[in-house]
Q: 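Encoded as structure tokens, here's the structure I'll be asking about.
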Protein chains: 2
Amino acid sequence: MRTETEDEELLALAQSFRTTLRHAVYLSRSMDHDGELSTMQLSTLGMAADAPLRVSRIAGNLGIRVPSATEQIIKLEQAGLVSRHQDPTDSRAVLVQLTGKGRAAWEEASRRRNARIAELLGQLDAEDRAAIAAALPVVAKLNRNP
Amino acid sequence: MRTETEDEELLALAQSFRTTLRHAVYLSRSMDHDGELSTMQLSTLGMAADAPLRVSRIAGNLGIRVPSATEQIIKLEQAGLVSRHQDPTDSRAVLVQLTGKGRAAWEEASRRRNARIAELLGQLDAEDRAAIAAALPVVAKLNRNP
DNA sequence: TCCTCATAGTTAGGCAGCCTAACATTCACC
DNA sequence: GGTGAATGTTAGGCTGCCTAACTATGAGGA
């Protein structure tokens with residue numbers, strides 16, 4: 001059973017969390033112009049980097065609908081970064097695969113973006129960095145729950 | 001002077017941070033349909049809640065350009081949530097002020113959104129919540145630096 | 001005073017990214 | 001073999017951001 005005080009503390013934490021979520025979105029947006037690839041496109045490439053992936057899986061992982069994913073993938077295809085093939089085990093499905101150019105672009109953009117974030121995090125002292133490091137896995141949990 | 005190992009650790013942290021940033025954006029987007037007000041609109045109302053605010057200040061706080069802020073504010077005005085007045089001390093400037101209806105809508109939406117986040121955070125154990133709480137102020141620092 | 005430059009905001013036009021609805025195709029199962 | 005589910009694509013629309021161009025006002029010097 002939860003007490004009233006605990007509920008109030010939780011709400012206060014939620015309030016701060018909400019503000020920080022907004023900050024995170026700004027941060028993310030400010031990172032979004034490191035070159036030609038948007039964050040979403042970068043994520044898409046990153047997913048397909050390990051193995052060819054279905055459109056529906058990409059959409060699911062990105063948290064967007066299938067038509068929106070199709071749109072992004074078509075753009076990436078037109079840029080020569082991915083190729084689309086029919087899934088041999090299910091002709092309805094389409095497998096999205098990185099091209100050589102796509103892999104190179106992904107690695108380069110990924111490297112550059114990590115460097116920019118590292119620079120940002122490098123301005124923090126060790127204690128603050130530790131706080132960040134401890135919180136990262138927890139945020140991932142939050143996304144799996146709902 | 002920074003060692004190579006430290007640099008590598010920093011890059012690894014940056015990589016995780018980047019992933020989590022994406023998670024945060026998803027979380028934020030999933031919160032974005034709790035009613036009629038978008039996150040940006042909610043933030044705008046929140047800013048004007050304390051005192052009437054200039055359009056340029058709102059844009060700056062939101063991290064967007066002035067014309068984009070004007071657009072949002074006009075929508076809020078049309079919805080009857082804010083009013084716009086010429087600044088008496090500078091006729092070029094426009095002060096954005098909450099209406100009664102705007103304040104009520106903001107409080108209601110804010111309360112609802114906090115409750116949803118609290119519910120999410122409530123699923124975490126105390127240790128995880130502490131990790132989140134410790135990291136929140138650090139993210140705010142990151143936004144002030146760049 | 002008047003001229004010039006800076007500042008505040010709006011308008012116009014464009015683009016990216018997301019959505020739903022409707023559709024074709026294929027699969028799975030009875 | 002026929003029916004319903006699953007996978008993508010297409011079409012159309014909306015939101016929210018941007019830059020460029022404009023108006024109006026303020027500030028400061030010749």
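Not measured: the values here are computed from a predicted model.
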Q: Provide, to the nearest angstrom, the distance between the CD atom belonging to B:Glu77 and the C1' atom belonging to C:dT10.
A: 12 Å
Q: Does A:Gln72 have a side-chain nitrogen or oxygen under 4.0 Å from the phosphate oxygens OP1 or OP2 of C:dC18?
A: yes
Q: Can you tell me how far P of D:dT15 sits from CG of B:Leu62, to the nearest Å?
A: 18 Å
Q: Atom CZ of A:Arg65 to atom C1' of D:dA11: distance rounded to whole Å?
A: 18 Å
Q: Determine yes or no for a side-chain-to-main-chain donor-acceptor pair under 3.5 angstrom, with B:Arg113 supplying the side chain and B:Met31 the backbone.
A: yes
Q: If we ignore angles and hydrogens, is there a donor and acceptor under 3.5 Å between the side chains of B:Arg22 and A:Ser28?
A: no
Q: Check every atom of C:dG17, C:dT26, D:dC17 against the side chain of A:Ser91 and return the nucleotide holding the closest atom.
A: C:dT26
Q: So which protein N/O to nucleotides 6-9 of chain D N/O distances come out below 3.5 Å?
A:
residue, atom, partner, partner atom, Å
D:dA6, O4', A:Arg92, NH1, 3.4
D:dA6, N3, A:Arg92, NH1, 3.2
D:dG8, OP1, A:Val94, N, 3.0
D:dG8, OP1, A:Val94, O, 3.4
D:dG8, OP2, A:Ser56, N, 2.8
D:dG8, OP2, A:Ser56, OG, 2.6
D:dT9, OP1, A:Arg84, NH1, 2.3
D:dT9, OP2, A:Thr70, OG1, 2.8

Q: Could you walk me through whether A:Thr39 and B:Arg18 pass the side chain to side chain donor-acceptor pair (under 3.5 Å) check?
A: CA-CA 10 Å; A:Thr39 297; B:Arg18 190 153 74 86; over 6 Å; no
Q: CG of A:Asp87 versus P of C:dT26: gap in Å, rounded?
A: 13 Å
Q: If I take atom CZ in residue A:Arg29 and atom P in nucleotide C:dC18, what distance separates them, rounded to the nearest angstrom?
A: 14 Å
Q: So, is B:Lys75 close to the D:dT15 phosphate, meaning a side-chain N or O under 4.0 Å from OP1 or OP2?
A: no
Q: To the nearest Å, give me how far apart CD (B:Gln78) and P (C:dT10) are.
A: 12 Å
Q: Take atom CD of A:Gln86 and atom C1' of C:dA24, then tell me their distance rounded to the nearest Å.
A: 13 Å
Q: Would you mind checking if A:Arg111 and A:Glu107 are paired as a salt bridge, meaning a charged N to carboxylate O distance below 4.0 Å?
A: no
Q: A:Leu76 has an atom CG; how far is it from atom P of C:dA16, in whole Å?
A: 13 Å
Q: Quick check: does any side chain N or O of A:Arg54 sit under 3.5 Å from a backbone N or O of A:Val94, one acting as donor and the other as acceptor?
A: no
Q: Please identify which of these residues, A:Ile117, A:Asp128, A:Leu120, meets the side chain to side chain contact (heavy atoms under 4.5 Å, CB included) condition with B:Leu142.
A: A:Leu120
Q: Under 4.0 Å between a side-chain N or O of A:Ser68 and OP1 or OP2 of C:dC19?
A: yes
Q: Report the residue (B:Glu71 or A:Ser38) whose heavy-atom-nearest nucleotide on DNA chain C is the more 5′ of the two.
A: B:Glu71
Q: So, A:Asp87 and A:Arg92, do they make that salt bridge, N to O below 4.0 Å?
A: no
